[in-house]
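Position 1 is the first residue of the sequence, and the numbers go up from there. In this text the structure is predicted, and so the values were computed from the model without any measurement.
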Amino acid sequence: MLKSKIQSLLKCSEGATAVALAAGMPVLVGGFGLGAEVGYWYFNERKIQNAADVAAYAGAASLRSGNIAMIEPSAETAAVETGYRADRGNLEARRSPTSGAFAGDANAVEVVVQEDLPRMFSGLFADGPVAVQGRSVARIS
């Protein structure tokens, strides 16, 4: 008797759409959430690259004025003013880049900006922050 009731329940198609929708909706909403978070990472990567570009320019301006000691402080000030959060990352500004076309050039300033973004929805799948980084070189002539 129990076997026949289970068989009749499995054959019943009334409400099947609601069950399928209820089962699929969390996957759909989760996909939207993950897509929004990846978009947030991309937006912040563009912001960090912009901060690195502005910081390299500010560091090169300090180099041009002959104030070599102010390269890193002026680069950090410029980066913070363009959206870089010093509490979530670090900034390195150095005279003479270590890589790239201007490696070893004393007339160039390299700035590397790195920021750790907290995970939101993706925290269900992975641990730790998401690191975004930007690098820029400015050269004076």
Side-chain angles (χ1 to χ4, degrees), residues 2-141:
L2 180 63
K3 186 177 179 181
S4 66
K5 286 192 178 204
I6 291 175
Q7 286 176 343
S8 68
L9 183 63
L10 291 175
K11 289 180 183 178
C12 181
S13 64
E14 295 175 7
T17 304
V19 172
L21 190 63
M25 198 56 85
V27 174
L28 184 66
V29 170
F32 285 142
L34 191 58
E37 186 171 359
V38 170
Y40 171 73
W41 297 341
Y42 181 75
F43 170 76
N44 278 283
E45 186 178 36
R46 297 290 91 217
K47 180 186 76 167
I48 292 300
Q49 183 60 52
N50 183 50
D53 292 341
V54 171
Y57 183 82
S62 293
L63 178 63
R64 183 178 198 95
S65 69
N67 196 350
I68 296 170
M70 286 301 293
I71 290 174
E72 187 161 349
S74 62
E76 187 164 0
T77 300
V80 166
E81 288 178 1
T82 57
Y84 163 67
R85 290 188 48 186
D87 61 328
R88 293 198 313 197
N90 62 347
L91 180 141
E92 295 177 24
R94 64 179 75 82
R95 184 177 179 190
S96 301
T98 57
S99 63
F102 299 112
D105 188 347
N107 290 328
V109 173
E110 174 185 38
V111 174
V112 178
V113 179
Q114 186 264 328
E115 193 172 298
D116 293 327
L117 301 176
R119 289 189 183 271
M120 292 176 273
F121 183 77
S122 66
L124 296 172
F125 309 108
D127 293 331
V130 176
V132 293
Q133 181 174 327
R135 176 185 177 272
S136 188
V137 175
R139 183 176 183 276
I140 61 171
S141 57

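Heavy-atom minimum distance, Ala131 versus Gln114: CB-NE2, 3.5 Å. Listed here is the closest heavy atom pair of Ser96 and Ala106: OG-CA, 3.5 Å. Nearest heavy atoms, Arg88 versus Pro118: NH1-CD, 3.7 Å. Scanning both residues, Phe102 and Ala108, for their nearest heavy atoms gives CB-CB, 4.1 Å. Closest heavy-atom contact between Ala138 and Tyr57: CB-N, 4.1 Å. What you find for Asp105 and Pro97 is that their closest heavy atoms are O-CD, 3.7 Å.
At a threshold of 4.5 Å between non-hydrogen side-chain atoms, the residues Glu110 and Ser99 count as touching. Side-chain contact between Phe43 and Arg46: absent, with no pair of heavy atoms (C-beta onward) separated by less than 4.5 Å. Side-chain atoms of Leu91 and Val112, non-hydrogen and from C-beta on, never get closer than 4.5 Å to each other. Using a 4.5 Å cut-off on side-chain heavy atoms (C-beta onward), Asn90 and Glu92 make contact.
In summary, the side chains of Asn44 and Lys47 do present a donor paired with an acceptor at a separation below 3.5 Å, with no hydrogens or angles considered. Side-chain atoms of Asp53 and Ser136 include a donor-acceptor pair closer than 3.5 Å.
For Arg135 (side chain) and Ala52 (main-chain N/O), no donor-acceptor pair under 3.5 Å exists by modelled atom type. Glu115 contributes no side-chain N or O that, together with a main-chain N or O of Ile48, makes up a donor-acceptor pair within less than 3.5 Å.
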